[in-house]
Amino acid sequence: MPYVPFSLRYRPQTFADIIGQEHVSRTLQNAVASGRVVHAYLFAGPRGTGKTSTARVLAKALLCDKGPTPEPCGECSLCRAITDGRALDLIEIDAASNRGIEQIRELREKVRYSPAEARAKVYILDEVHMLTPEAFNALLKTLEEPPGHAYFVLATTELHRVPPTIISRCQLFEFHLIGEARIEAALQAIAGSEGVQADPEALQEIARAARGALRDAESIFDQAVAYAGGRITVDLAREVLGVTPRDAVVDLLKAMAENDLASTLSRLDELVASGKDLPQLLQDIMLAVRDMLRASLGVGTSEEWEELADPARDIGSERLAETLRLLGEAERRLRDATQQQVSLELSLAQIAQTWAQPSAREKARAMVTQPRQAPTGPAPRRLETPAAAQPRRSATVEAASDKPSKAESEPEPASAPKAAPSTLAPAASSSASQGPSPVSADELAARWEEVHLQLKRMRRVAVWALLQEAKPVSLEGDIVTIQFDPKWKFHSERLGGPYRADVEQALSRVLGRPVQVRCLLGDVLTTPTPAPASQASKPKQEALPTAIQTAEAEDAGPQAEAQDEKDEKQDKKGIVEEPESEASAAAEKTVSAPKSPSQSDDDAIQRAVELTLQLFEDSEELPPE
């Protein structure tokens, strides 16, 4: 008698034998018991999950001599015939090899005939997605209105390839992958029936390799039994599966964590020389890195990868997650690579370099926290802009640039910060009469970070960026004084003017009472610059730093060229526009004047980068209020 493999010998014979698909077996049992069996079913799901076996059990339940019954006896002639595969009224059709319209027409002709020995006929069409569109169309009417004695069960592993017209005429059941624990229990039961000794670790290895398919696990276990001839150990199971030894994977990953490329490539050469399959090796590395990621997150790690727990914490979850993405790309490249070892070597070298470099979060944190040091060597030479690309200045701007503004020539006296502006006095007296809770200047400085956090919660990023250069000086009543370095004149003017309300709102939330703000530029009280009258009707926009305004002026394009031509014509005619007032002359001088050495383009760009990185670094700390 020929040998019957485990996958057929231990095939489910009743609904209770079906493993991992309780949602299907219970529904079918209740349908048979209540007489609500439909004439067309569609079983969809991964391979090896019991679709065809469930269809045969359903046929037993319908054709059993004691049925229809949800519990087929398994002893009558029809049940034994179905088990042996010789039942005349159970017709199994392989749709992959009988996919044409002619075969479906033949099925339509035969389905009208009465059953040979049972009360009904059951047709099982396996891999039904392989039928041609014409064959599907020919099957539609038969599925919708079949003879009373015919039942159809369609099985497919690719549901998306089945036309919606077919799905709508069937009752759909989706089969799931089977858990590893259920597969291990099934293999243990088979080992007990066969009298085979198998280590639990070996069965676990086989269950993991099956990837949710019980039929695959039974086939692998059958192969391991034939190979071992006795007790099945975990090493023997890994040898049958071609799995890389865990010690070799651990050593390889440790060499990568130490950025030792020579040792990494040497260990890879040893594995290739021993005949290890490179795609399987890559999958083993992915499983180990996945376990390392879980260990770095504190989720837990399996005992077989305990040695990688410490390197995992050193590498960090961010780089390990990036490693899994790189390994996935390497797996796709490996399928089409003519030199698989070279492709894998490049991927491992890239991962080792990624582990050796700081992550994006670490770079941002280091860039923000490190103090800014003044350059000790000679200043870097700046590239000169070609004359043709430099923006031309009008005669008005040229004239204004030769006259110092009143604000620059006459600085305010140093005693100005001692007295608050007149607009703040009523609010201060009113608040003082209410008896606010006293807050010292030291406490305000300690809670200054909360002010920044409030501005980011308010989505006032521009105000937050300007406030980075300020520090709290004093809190007198309800007036908060903040100070800027003299080189941050633009920041002081904006926060003392159009953005002051945002800063006051953030401070009021932190202190728990309304306050007002005044800004000092060095030791001089900042005077807000009013907006020009021509911009009064425009919508409010956030001011841009001087470096960005200069870049926009250089990118003006054709409009700037047209203005240059107009200026040249005016220069030839001797027309010189006079400034309307000292204020406008000073404003135009501010636009045309070159930057001071303390605010060079390099400093502005560096500071913008630091602020941007700090914003994204702290963005995770902004839960909604």
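These values consider heavy atoms only, across backbone and side chains, with no hydrogens, waters or symmetry-generated copies.
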Q. How many angstroms lie between atom CZ of Arg99 and atom CZ of Phe136, to the nearest 0.5 angstrom?
A. 9.5 Å

Q: Mind checking salt bridge (Lys or Arg N to Asp or Glu O under 4.0 Å) for Glu205 and listing every partner two or more places apart, or none if nothing turns up?
A: Arg208, Arg238, Arg246

Q: Compute whether any side-chain donor of one residue and acceptor of the other, for Tyr123 and Asp89, lie under 3.5 angstrom apart.
A: no

Q | Side-chain donor/acceptor of Arg56 to backbone N/O of Ile82, under 3.5 Å | A | yes

Q) In this structure, are over 12 heavy atoms from other groups packed under 6.0 Å from Arg108 atom CZ? A) no

Q) Are there more than 12 heavy atoms of other residues, nucleotides or ligands under 6.0 Å from atom CD of Glu22? A) yes

Q: Tell me yes or no: between the side chains of Ser53 and Arg215, is some donor less than 3.5 Å from an acceptor?
A: no

**Q.** Pairs flagged by salt bridge (Lys or Arg N to Asp or Glu O under 4.0 Å) wherever residues 127-139 is involved - sequence neighbours left out
**A.** none

Q: Could you tell me whether a side-chain N or O of Thr69 sits under 3.5 Å from a main-chain N or O of Lys66, the two making a donor and an acceptor?
A: no

Q.
In this structure, is the centre-to-centre distance between the rings of His176 and His23 below 6.0 Å?
A. yes

Q.
Show, in sequence, the C-alpha distance, side-chain angles and deciding distance for Glu258 and Lys254, and conclude whether the salt bridge (Lys or Arg N to Asp or Glu O under 4.0 Å) test is met.
A. CA-CA 6 Å; Glu258 296 171 359; Lys254 283 185 177 180; over 6 Å; no

Q) Counting distance only, does the side-chain N/O of Arg119 pair as donor-acceptor with the main-chain N or O of Cys64 below 3.5 Å? A) yes

(Q) To the nearest 0.5 Å, what is the distance between CG on Asp65 and SG on Cys79? (A) 7.0 Å

Q. Distance-only, no hydrogens or angles: does the Asn137 side chain make a donor-acceptor pair with backbone N or O of Pro133 under 3.5 Å?
A. yes

Q: Report yes or no: do Asp17 and Thr14 form a side-chain donor-acceptor pair below 3.5 Å?
A: yes

Q) Is the shortest side-chain N to carboxylate O distance from Arg313 to Asp310 below 4.0 Å? A) yes

Q.
Would you say Glu345 and Gln341 are linked by a side-chain donor-acceptor pair, where the criterion is simply a distance under 3.5 Å?
A. yes

Q. Looking only at atom types and distance, does a side-chain atom of His39 sit under 3.5 Å from a main-chain N or O of Ala150, one as donor and one as acceptor?
A. yes

Q. Backbone N or O of Tyr113 within a donor-acceptor pair of the His149 side chain at under 3.5 Å?
A. yes

Q) Taking atom CE of Met256 and atom OG of Ser263, what is their separation to the nearest 0.5 Å? A) 11.0 Å

Q) Under 3.5 Å, is there a donor-acceptor pair between the side chain of Ser347 and the main chain of Ser343? A) yes

Q. Just by modelled atom types, is the Val4 backbone N or O under 3.5 Å from a matching donor or acceptor in the Arg9 side chain?
A. yes

Q.
Within the supplied structure, the quantity of interest is the number of heavy atoms (other residues, nucleotides, ligands) at a distance under 6.0 Å from Arg47 CZ; does it exceed 12?
A. no

Q. Strictly by modelled atom types, are Ser97 and Asp94 linked by a side-chain donor-acceptor pair under 3.5 Å?
A. yes

